[in-house]
Amino acid sequence: MDQTTTKTWNDQLPAGLVDVAVIGGGAAGLNGALTLARSRRTVVVIDSASPRNAPAEGVHGLLGLEGIAPAELYRRGREEVRSYGGLVVDGAVAAAVPDAPGPDGDLRFTLTLADGRTLTARRILVATGVRDVLPDIPGLAQHWGVGLVHCPYCHGWELRDEPSGSSPSGRDRDTPRCCSAS
């Protein structure tokens, strides 16, 4: 399931100062942008359209939207953000640096996108999520998100009554992070 299809949602990057630049257009970034836009803040979401859950058939454990396809969740999220005046821009942030304060002493940051475009914001919300780095095991990548999943809690129902295993990784070895197989 390819989430990086043609982007019909790409707004233009504004030239002026915005209240908040949100780096990351996944569930957390869009939810933050929605809350800020509803609070009448000028918000721009910078979205590289490469969500971690792209291979998954559905999102689980999300009240009221159980099993929704990731692409549909993000489509709805972008629509909701835009309905309150927020913008969603296709791009990847290459740098974010402090800029000279405004006339009132308010903070300013300049974000430079990978393609050279820039945006100036009073605040930055970083919601880039995580990226799975899969070991080089034949067959692993094509089964990722289908028969081999990253979280036994998120996919426990789908794995029920099937033989499964998990491999803890990271600092918290008590919590399985990658991977569960059925």
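The figures here come from the full heavy-atom set of this structure, side chains too, leaving out hydrogens, waters and symmetry mates.
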* Does Arg108 have any salt bridge (charged side-chain N to carboxylate O under 4.0 Å, His left out) partners at least two apart in sequence or in another chain, and if so, which? -> none
* Distance in Å, Asp47 CG paired with Asp11 CG, rounded so as to fall on 0.5 Å steps -> 11.0 Å
* Structure fact -> Hits for side-chain contact (heavy atoms from CB on, under 4.5 Å) against Asp106, two or more places apart or cross-chain, chain-then-number order -> Asp104, Arg122, Arg123
* Determine, using the 4.5 Å side-chain heavy-atom cutoff (strictly less than), whether Leu17 and Leu13 are members of one ILVMFWY cluster. => no
* **Nearest non-hydrogen partners of Pro14 and Val44, listed with the distance** => CG-CG2, 3.6 Å
For residues 20-35, dump all side-chain donor-acceptor pairs below 3.5 Å to protein atoms at least two apart in sequence or in another chain.
unit_1	atom_1	unit_2	atom_2	d
Thr35	OG1	Asn31	O	3.1

* To do: Check each of Arg40, Arg41, Arg38 against Tyr84 using the side chain to side chain donor-acceptor pair (under 3.5 Å) test, and report the only one that passes.
  => Arg38
* **ILVMFWY cluster, Val126 and Ile46 together (side-chain gap under 4.5 Å)** => yes
* Could you state whether Leu111 and Val97 fall into the same hydrophobic cluster, counting links through intermediate Ile, Leu, Val, Met, Phe, Trp or Tyr residues with side-chain heavy atoms under 4.5 angstrom apart? => no
* Glu79 with Arg82: basic N within carboxylate O range, under 4.0 Å -> no
* Looking only at non-hydrogen atoms, find the nearest pair between Thr110 and Thr120 and report the distance. => OG1-OG1, 3.8 Å
* Structure fact -> Value for OG1 (Thr112) from CZ (Arg117), rounded to nearest 0.5 Å, stands at 11.5 Å
